[in-house]
Amino acid sequence: MVASPDRPRKPRPTPDPGDLLDWYDRNRRVLPWRAAPGETPDPYRVWLSEIMLQQTTVRAVKPYFERFLGLFPTVHALAEAESEAVMRAWAGLGYYFRARNLHACAKAVVERFGGRFPAEEEALRSLPGVGPYTAAAIAAIAFDRRAVVVDGNVERVVTRLFAVEEALPRAKPVVRALTDGLTPARRPGDFAQAMMDLGATICSPRAPACGLCPFREPCAAREAGAAETYPRKERKAAGAPRRGAAFVALREDGAILLRTRPPKGLLGGMAEVPGSAWAADYDPRDALRDAPLAAPWRVAPGVVEHVFTHFPLSLTVLVAAVPEETPAPEGARWTRLEKLGEEALPNLMRKVVAHVLGG
DNA sequence: TATCCGTGGGG
DNA sequence: TCCCCAAGGAT
């Protein structure tokens, strides 16, 4: 039969979650925290991976996940670990409040649930660092409970599938309702993981591979030739750039001056070299008044640039060599350079040290 | 509800 | 280069 322009186009079919599950059975990604088909998932691994994967790419998470599992093989081991050891193991992964909540959550699971993760969403959501998404994901993936799992991938898939015109985050309730309607009673855990795999590999933010998609026929956005334009979003303004000064004090015996940031806020609880406050109107020519100790400070050529989620930062770095007997100022400490790798240094501070010492 | 919270990679 | 984005949560 020949298609006729006069004949109305075949109506879009309703999306069938079974099509997605079939696709998943053939194309599922192999991930370190994912149980093989037929295996029972380990809730500890599922939870650990879900926390790490919050706003963080699979590629970035993989080595951290393996390292954590080696250091803390069980939720008991993690609960009993030193806070400093957890922060150190997390250093470089970002969003450091996740590490604090991770530790607190492990303790809570041991104390309140006898070391076993609960399977109910409500109980899961009562744990530190576990919000609506993560609770639903653990319930579905670790316990195969039917839960409405909505992450960034699902938002993208669903807004395209149904051509949701409302912009995020206002569209969240609509997306959740649509996801609820799509979620099957059978294999809800695989369904959730399938949606995420689909969003990560086929239904990508740019240049989606619609030809390979199990939902290509029911997809409203694809039919309109506009898949890439979903989800609609309002873009938010970038933060004003800030400047500051950082001080690298090097003792003659090869130690560097460090301190620990306050537990809350930016880079909370992480290690840093002493520095000024960071402000839009900071003048690095006045940096000496912020020096942690009296020394022959010299300005290192260039600046260290770093981009946080909500503002860019330029740090002027000052360096000084000081005598071996120099005491550490109040709240600071000397750390031997060989042991710098054992410190909970965020990447910004690693950049500052490398800016001066190379490497 | 809006803002704050890191970092690295891709187009 | 610049901008966007990634398995969000807490306040």
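Proteins get letters first, then strands, A, B, ... in listed order; numbering begins at 1 in each.
A 4.5 Å side-chain heavy-atom check between A:Met196 and A:Thr201 finds every atom pair outside the cut-off.
As judged by a 4.0 angstrom heavy-atom cut-off over every strand, A:Val307 is placed among the base-contacting residues. Nucleic acid contact for A:Gly92: sugar-phosphate only, since backbone atoms but no base atoms lie under 4.0 Å from a heavy atom of the residue. When heavy atoms are screened at a 4.0 angstrom cut-off, A:Leu31 is found touching base atoms of the nucleic acid. Counting non-hydrogen atoms under 4.0 angstrom, A:Trp33 reaches a base of the nucleic acid. A:Arg29 comes within contact range of at least one nucleobase, with a heavy-atom separation under 4.0 Å.
Without hydrogens or angle criteria, A:Arg222 side chain to A:Arg216 main chain gives a donor-acceptor distance under 3.5 Å.
Side-chain nitrogen and oxygen atoms of A:Thr134 include at least one within less than 4.0 Å of the OP1 or OP2 phosphate oxygen of C:dG9. For C:dG8, one of the phosphate oxygens OP1 or OP2 lies less than 4.0 angstrom from a side-chain nitrogen or oxygen of A:Gln55. Contact annotation: A:His306 reaches the phosphate of B:dT7 (side-chain N/O to OP1 or OP2, under 4.0 Å). Contact check, A:His310 against B:dC5: a side-chain N or O comes under 4.0 Å of OP1 or OP2. For A:Tyr96, a side-chain nitrogen or oxygen approaches OP1 or OP2 of B:dT7 to under 4.0 Å.
Between A:Thr260 and the options A:Glu272, A:Glu343, A:Arg333, a side-chain hydrogen bond (donor to acceptor under 3.5 Å, both in side chains) holds for only A:Arg333.
A:Glu228 places its CD atom 14 Å from the P atom of C:dC4, with the value rounded to the nearest Å. In this structure, CG of A:Leu93 is placed 15 Å from C1' of B:dG9, rounded to the nearest angstrom. Between A:Arg176 atom CZ and C:dA7 atom C1' the separation is 16 Å, expressed in whole Å. Rounded to an integer number of Å, the gap from A:Arg232 CZ to C:dC4 P is 16 Å. Taking atom CD of A:Glu272 as the reference point, atom C1' of B:dG6 lies 15 Å away to the nearest angstrom. Separating the CZ atom of A:Phe97 from the C1' atom of B:dG6 is a distance of 9 Å, rounded to the nearest angstrom. Distance CG (A:Leu102) to C1' (C:dG8): 14 Å, rounded to an integer number of Å. Nucleotide C:dA6 holds its C1' atom 13 Å from the CE atom of A:Met196, rounded to whole Å.
The nucleotide whose nearest atom lies closest to any side-chain atom of A:Ala200 is, among C:dA7, B:dG11, B:dC5, C:dA7. You'll find that the side chain of A:Tyr95 is closest to B:dC5, out of C:dA7, B:dC5, B:dT7. Closest to the side chain of A:Leu266, from the set C:dA6, C:dG8, B:dC5, is B:dC5. Closest approach to the A:Glu50 side chain among C:dA6, C:dA7, B:dT7 is made by C:dA7 (side chain taken as heavy atoms from C-beta onward). Out of B:dT7, C:dG9, C:dA6, the shortest distance to the side chain of A:Pro205 is found at C:dA6. For A:Arg206, whose side chain is taken as the heavy atoms from C-beta onward, the closest listed nucleotide among B:dT7, C:dA7, B:dG11 is B:dG11.
Rounded to whole Å, the separation between the P atoms of C:dA7 and B:dC5 comes to 23 Å. C:dG9 and B:dT1 have their C1' atoms separated by 15 Å, with the value rounded to a whole Å. Of the C1' atoms belonging to C:dA10 and B:dG8, the separation is 24 Å, rounded to the nearest Å.
A:Phe308 has its ring centre less than 6.0 Å from the ring centre of A:Phe311.
Between A:Arg59 and A:Pro169, the residue anchored nearer the 5' end of DNA chain B, judged by the nucleotide with its closest heavy atom, is A:Pro169. When the nearest nucleotides of DNA chain C are assigned to A:Ser49 and A:Leu127 by heavy-atom distance, the more 5′-ward of the two goes with A:Ser49.
Nearest approach of A:Trp278 to A:Arg242, heavy atoms of both residues: O-CD, 3.8 Å.
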Assess whether ring-ring contact (aromatic ring centres under 6.0 Å, His included) is satisfied between A:Trp90 and A:Tyr64, documenting all intermediate values. CA-CA 7 Å; A:Trp90 196 278; A:Tyr64 282 86; 7.3 Å; no
A:Glu155 vs A:Lys172, test: salt bridge (charged side-chain N to carboxylate O under 4.0 Å, His left out). Steps then yes/no. CA-CA 8 Å; A:Glu155 284 179 345; A:Lys172 278 178 182 289; 2.7 Å; yes
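No N or O donor and acceptor, one from the side chain of A:Thr56 and one from the base of C:dG8, sit under 3.5 Å apart.
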